[in-house]
Amino acid sequence: MADPHSADPRALVPAAMDRFTNRLRAVDPAGWDAPAPCSEWSVRDLVAHLCFEHLWAPHVLAGTPMDEVGDRYDGDLLQGDPPGAWRRAVARSRPSWTATEGHGARVHTSFGWLPVGEYAEQMLLDLTVHEWDLARGAGLDETLDEVGVDRALAYIRSDPIMLTGAGLWGEPVPPAGDTARDELLALLGRRG
């Protein structure tokens, strides 16, 4: 079996979506308005952010420039049903991640044109860290997948352009412990 630490990052995104889905299913109905540890978001806002990202993913992976997609995903994506909105977003996103032969070599993101593998690393990072945010905000188990953490941490250590984008992540804080998860969360401003 291939080492998942060296796998094409595109192949790791569907499993990260599944992990996020499992956490989301465990959110108590009263938990949607709980504060998430990222910026000024609630758990509901966090899910809306990920729905937005995954509705965009099929377009990005196909190499469609952002201006061609336009504002079609602006507005209330959740429509009062965070789990349903996430299921709909993932139903569109997952097939695009698994159909790697249809991916553009370079894709257009808010950071400009990037290699498709770097976009996949960004999405894996987003899913992994926001899985923890969801767990913390909703009072769930905060254990994270080791491969997802290792890949996200390696990507952050590479000093990607997305790390320096205004307001994307919190300012680094001292790590709560000495694990890779602790380091990853601390580098992105989370107090694990």
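The number of heavy-atom neighbours closer than 6.0 Å to CG of Asp76, taken from other residues, nucleotides and ligands shown, is above 12.
Note on Glu183 versus Arg157: salt bridge recorded, some NZ/NE/NH1/NH2 to OD/OE distance being below 4.0 Å. Contact check on Arg191 versus Asp182 returns no salt bridge, with no Lys/Arg side-chain nitrogen under 4.0 Å from an Asp/Glu carboxylate oxygen.
A donor-acceptor pair under 3.5 Å is formed between the side chain of Asp81 and the backbone N or O of Gly84. Side chain of Thr21 to backbone of Met17: a donor-acceptor contact under 3.5 angstrom is found.
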**OP:** Show your working on side chain to side chain contact (heavy atoms under 4.5 Å, CB included) between Asp145 and Thr128 and close with a plain yes or no.
**Re:** CA-CA 8 Å; Asp145 176 71; Thr128 301; over 6 Å; no
**OP:** Mind running salt bridge (Lys or Arg N to Asp or Glu O under 4.0 Å) on Arg94 and Asp18 for me, showing each step along the way?
**Re:** CA-CA 10 Å; Arg94 177 184 304 283; Asp18 292 344; 2.3 Å; yes
**OP:** Start with the C-alpha distance between Leu114 and Arg106, add both sets of side-chain angles, then the distance that settles side chain to side chain contact (heavy atoms under 4.5 Å, CB included), and finish with yes or no.
**Re:** CA-CA 5 Å; Leu114 300 173; Arg106 294 181 57 77; 5.8 Å; no
**OP:** Walk me through it: do Leu78 and Arg44 pass the test side chain to side chain contact (heavy atoms under 4.5 Å, CB included)?
**Re:** CA-CA 8 Å; Leu78 300 184; Arg44 179 186 316 276; 3.3 Å; yes
**OP:** Output, in order, the C-alpha distance, side-chain angles, deciding distance and verdict of side chain to side chain contact (heavy atoms under 4.5 Å, CB included) for Glu146 and Arg151.
**Re:** CA-CA 9 Å; Glu146 179 183 316; Arg151 291 297 290 252; over 6 Å; no
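Considering all non-hydrogen atoms of both residues, Met123 and Ala57 come closest at CE-CB, 4.4 Å. The two residues Trp56 and Gly70 have their closest heavy-atom pair at CZ2-O, 3.5 Å. Smallest separation of non-hydrogen atoms from Arg190 and Val129: NE-CG1, 3.5 Å. In plain terms, the two heavy atoms of Arg23 and Glu142 that are nearest each other are NH1-CA, 3.8 Å. Annotation for Ala152 and Leu125: closest pair CB-CD1, 3.6 Å, computed over non-hydrogen atoms. Heavy atoms only, all atoms of each residue included: Tyr119 and Glu53 are closest at OH-O, 4.3 Å.
Note: Leu188 CG to Trp132 CH2 = 10.5 Å, rounded to the nearest 0.5 Å. Atom CD of Glu131 and atom CG of Leu144 lie 5.0 Å apart (nearest 0.5 Å). Rounded to the nearest 0.5 Å, atoms CG (Asp141) and CZ (Arg136) are 11.5 Å apart. In this structure, Leu77 CG and Arg88 CZ are separated by 9.0 Å, a value rounded to the nearest 0.5 Å. Taking CZ from Arg87 and CG from Leu24, the interatomic distance works out to 8.5 Å, rounded to the nearest 0.5 Å. For the atom pair Ile156 CD1 and Leu185 CG, the distance stands at 11.0 Å (nearest 0.5 Å).
In this structure, Glu121 and Asp126 have side chains that are not in contact, with every pair of non-hydrogen atoms separated by 4.5 Å or more. Here the side chains of Leu187 and Leu153 are in contact, with some heavy-atom distance below 4.5 Å. Residues Arg92 and His59 form a side-chain contact, since some pair of their non-hydrogen atoms from C-beta on lies under 4.5 Å apart.
Of the N and O atoms on the side chains of Asp67 and His108, not one donor lies less than 3.5 Å from an acceptor on the other residue. For Trp32 and Ser42, the side-chain atoms include no donor-acceptor pair closer than 3.5 Å. A side-chain N or O of Ser93 and one of His54 form a donor-acceptor pair less than 3.5 Å apart.
Taking the centre of each ring, Trp86 and Phe52 stay at or above the 6.0 Å mark.
Under the 4.5 Å side-chain heavy-atom criterion for ILVMFWY residues, a single connected hydrophobic cluster contains both Met66 and Leu55. In the hydrophobic clustering of this structure, Trp113 does not group with Tyr155; members are Ile, Leu, Val, Met, Phe, Trp, Tyr whose side-chain heavy atoms approach within less than 4.5 Å, directly or through other members.
Relative ring orientation between His49 and Trp41 is described as tilted, the plane-to-plane angle lying within the 30° to 60° band.
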